[in-house]
S.K.: 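Below you will find the structure I want to go over with you.
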Amino acid sequence: MAVCELGTGTFAKTKMHTAALFLRRRAGGPSPAEHYGNRIDSWFAGDFSQDNVFGDSELLDEYCVHVGPDTKKYRNFLISGPGSAENVTEIFWAYRENFERSPETRLLRNRKSFGKLDAERRDGLVDIAFGGYVRRIEREKMYYFILAHVNPQPVVVVKCPHELADSKKFLGYEWSAARGSEGIRYLGAKSGGEDGRPGQGGTGYRSPDPDGAGDVIVTPLFNPADLEDPDRINSIIRANFGGKGTGKSEHVVLRRLVDMLDFTGPWGEKAIFLCGGEERPRSGRHPLAALGDVCRRDQVPARGLGLPYVGINDIGLDGTISGAVLTREVSPETRSYLFSERHVLCPRMLDSWNRVSVPGFTGRCSRLLLPVEVGDRAGRHYVLQFLRDPDTVASLRDARVGTRSPLADFGRLMKFMIPLPPLAEQKALADDCAHLDRELARAREAASVAEEERELALQVLGSRDGASAQWSLGDAGSFALSVGRRVILRDLDTGGGVPLYSANVHEPAGFMKERPEDDFGSPSVLWGLDGGWKVAYVPSGVEFHPTDHCGVARVRTPEVEPRCLAWALEQAGAARGFSRQTRASLERVKRLNVRLPPIEKQRETAAKAKKLDSRIESLKQVIRDMEDGRQKLLRKYLDWYLKTSSS
């Protein structure tokens with residue numbers, strides 16, 4: 001009836017995600033599960049004689065339409081029985097690889113009696129085993145499909161935002177570790193008392209409190225002052241249980257249960273996907289087709305073939321394949337897939353998705369790559385641009401499989417809707433994007449070279465040649481070190497303002513309307529107290545706010561150049577082992593010592609670094625402009641957008 005996904009930090013400061021299911025037991029009477037189980041048993045026995053009695057043969061047709069096989073061929077597969085591998089292989093070629101890796105198949109092939117048979121009889125036994133393997137999986141898939149398909153009630157899906165700040169707003173509270181006020185801290189109060197409790201003046205419901213300073217609860221989940229509030233999520237769930245119309249919330253969508261289960265490919269798990277149906281673009285200019293209608297996964301094993309071998313690392317970040325693969329020798333027994341100039345090579349891991357590539361030769365590829373064969377309705381390079389589009393990548397990340405090394409869900413990818421303009425227009429898009437990609441590659445290479453030059457220029461500071469002096473960062477006469485103040489969610493300004501830096505000192509964590517008291521008359525060196533060790537240089541005159549996770553160092557002596565201090569601090573902190581495990585606290589940083597050459601050498605080095613910093617920033621802006629232009633180009637041709645389905 002309803003599923004509510006809750007993010008990290010819901011119950012104490014943990015990184016565990018939580019899902020709450022709201023279920024209702026079916027009313028009495030004949031069990032649909034038992035009835036449809038019997039019907040499926042009849043169909044898999046090749047018996048269709050009761051179809052007119054029960055009038056449910058359309059469920060079998062619905063299954064074929066949803067999963068993909070031709071209805072006529074599928075019925076022939078049911079009639080033929082497990083002994084016919086020909087019909088099975090034609091429809092379920094993707095099952096073969098999993099079958100060969102299954103323990104049952106290995107056990108069969110390792111039997112002594114099996115090895116004594118001639119090749120024809122061995123193949124016959126394997127075909128029968130394969131037919132039975134496919135039928136067991138297909139029976140279970142059809143069983144769950146029908147139970148989900150006939151369920152008339154939509155499922156209310158509640159999704160917690162992934163960003164930490166948005167997640168806190170969704171819950172209405174955060175977890176405090178401050179001494180004396182540990183536990184839940186509600187976000188609705190405008191000001192806090194001396195003891196850390198929320199003060200008066202908040203909006204929303206205020207719970208009774210003997211001290212007169214009640215906790216304010218403001219959340220889209222429910223309205224404590226009005227539990228019947230139709231636009232709160234608890235009322236939407238309650239209305240759905242009663243089969244009535246529901247209110248609206250940006251965190252709630254309605255899904256059909258059948259769309260939340262993935263019935264594609266060699267089915268291995270009965271998992272409910274909360275992101276089902278989100279990745280369906282709509283287009284106003286061009287006809288749409290599911291990607292699986294114009295492409296197909298082509299997992300043909302390749303062994304013992306004298307063909308070039310492509311590994312995941314042979315593909316560059318821009319999708320180009322290294323020329324070295326054409327002459328490399330790899331063992332014929334290396335497990336791989338066959339590909340040709342009809343395919344697009346797609347990485348299985350989402351973190352490597354920018355390596356999706358269009359090969360210009362026939363070869364074999366690592367099992368970490370999946371060949372996708374493109375049909376006649378779409379051009380390969382057009383499909384490549386669709387796959388690389390940020391909206392497609394974002395939808396893939398929403399439907400990822402696994403957590404440590406997220407995998408692309410190819411079953412869902414094949415359901416993505418792709419606009420199909422005329423082939424000439426597809427080619428024009430691909431050519432224009434390819435030109436921009438080449439320009440982007442050159443700009444990124446230039447930025448990388450400039451960053452290497454900057455690093456080499458700064459490394460002179462660490463040279464032991466020439467006179468140098470040691471400086472203690474705890475010397476108050478030479479350096480002023482401090483840590484920012486704690487900032488909470490209500491202090492932030494979504495409309496912009498003064499940048500706020502936290503542990504990641506390279507990127508602002510947000511913005512604040514409040515003007516800082518500092519005059520910023522001298523440069524600043526920032527470091528992150530938590531997370532990975534990061535140091536940044538901020539020129540004089542640039543305003544910012546530091547949080548209590550950000551340290552600030554200022555130079556008080558004319559013998560140290562601030563830009564050089566930033567480099568020296570970064571090196572010293574790395575040598576000290578500052579990291580997520582070893583916190584770079586103010587006290588620890590004060591105990592650091594750095595060595596720097598005479599001020600003349602520092603100024604010379606800083607001038608070179610400043611010039612290179614300006615060049616790097618200019619190139620990064622060019623890259624941002626090109627990426628923005630590429631997006632506009634894609635929108636011009638594709639004219640599609642992602643829209644959450646409401647049914």
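What you are looking at is a predicted structure, and each value in this text was computed from that prediction instead of being measured.
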S.K.: Using modelled atom types and a 3.5 Å cut-off, is there a donor and acceptor pairing between side-chain atoms of Gln602 and backbone atoms of Pro597?
M.R.: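 Judged by distance alone, yes, a pair lies under 3.5 Å.
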
S.K.: Classify the side-chain pair Arg388/Gln385 by whether it contains a donor and acceptor separated by less than 3.5 Å.
M.R.: no

S.K.: Using a 3.5 Å distance criterion without hydrogens, assess whether the side chain of Arg556 forms a donor-acceptor pair with backbone atoms of Gly477.
M.R.: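 No, the answer is negative, given that no donor and acceptor are paired below the 3.5 Å cut-off.
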
S.K.: For Glu439, is there an ion pair with Arg442 - N to carboxylate O distance below 4.0 angstrom?
M.R.: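 So Arg442 pairs with Glu439 through a salt bridge.
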
S.K.: Taking Glu561 first and then Lys610, would you say they form a salt bridge - that is, a charged N and a carboxylate O separated by under 4.0 Å?
M.R.: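 No, this pair does not count.
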
S.K.: Under 3.5 Å, is there a donor-acceptor pair between the side chain of Thr219 and the main chain of Phe170?
M.R.: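 Between the backbone of Phe170 and the side chain of Thr219 there is a qualifying donor-acceptor contact (under 3.5 Å).
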
S.K.: Could you tell me whether the side chains of Thr547 and Ser502 share a donor-acceptor contact shorter than 3.5 Å?
M.R.: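 Looking only at side-chain atoms, Ser502 and Thr547 do form a donor-acceptor pair, the distance falling under 3.5 Å.
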
S.K.: Can a salt bridge be assigned to the pair Asp613 and Arg563 using a cut-off of 4.0 Å between side-chain N and carboxylate O?
M.R.: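 Result for this pair is yes, salt bridge flagged.
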
S.K.: Output yes when a side-chain donor or acceptor of Trp533 lies under 3.5 Å from a complementary backbone atom of Glu570, and no otherwise.
M.R.: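 Yes; at least one donor-acceptor contact below 3.5 Å.
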
S.K.: Relative to each other, are the rings of Trp353 and Phe410 parallel, tilted or perpendicular (30° and 60° limits)?
M.R.: tilted

S.K.: So do the side chains of Leu596 and Lys601 get within less than 4.5 Å of each other, counting heavy atoms only?
M.R.: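 They are not in side-chain contact.
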
S.K.: Is Trp527 reaching over with its side chain to a backbone N or O of Ala584, donor-acceptor style, under 3.5 angstrom?
M.R.: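 Yes, Trp527 side chain to Ala584 backbone: donor-acceptor pair under 3.5 Å.
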
S.K.: Side chains of Ser524 and Arg554: do they bring a donor and an acceptor to under 3.5 Å?
M.R.: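 There is such a pair between these side chains.
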
S.K.: Is there a side-chain contact between Val525 and Val535 (heavy atoms, below 4.5 Å)?
M.R.: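 The answer is yes, as the side chains (C-beta and beyond) meet within the 4.5 Å cut-off.
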
S.K.: Check whether His545 reaches the backbone of Glu514 with its side chain - one donor and one acceptor, N or O, closer than 3.5 Å.
M.R.: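 Pair found, side chain donor or acceptor close to backbone of Glu514.
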
S.K.: Please indicate whether Glu507 has more than 12 foreign heavy atoms, meaning atoms of other residues, nucleotides or ligands, lying under 6.0 Å from its CD.
M.R.: no

S.K.: Look only at the side chain of Asp518 and the backbone of Glu543, and say whether a donor-acceptor pair between them is shorter than 3.5 Å.
M.R.: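 Such a contact is absent between Asp518 side chain and Glu543 backbone.
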
S.K.: Are the side chain of Arg588 and the backbone N or O of Arg583 linked by a donor-acceptor pair below 3.5 Å?
M.R.: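 Yes, Arg588 side chain to Arg583 backbone: donor-acceptor pair under 3.5 Å.
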
S.K.: Is it the case that the side chain of Ser540 and the backbone of Pro523 share a donor-acceptor pair, with hydrogens and angles ignored and the cut-off at 3.5 Å?
M.R.: no

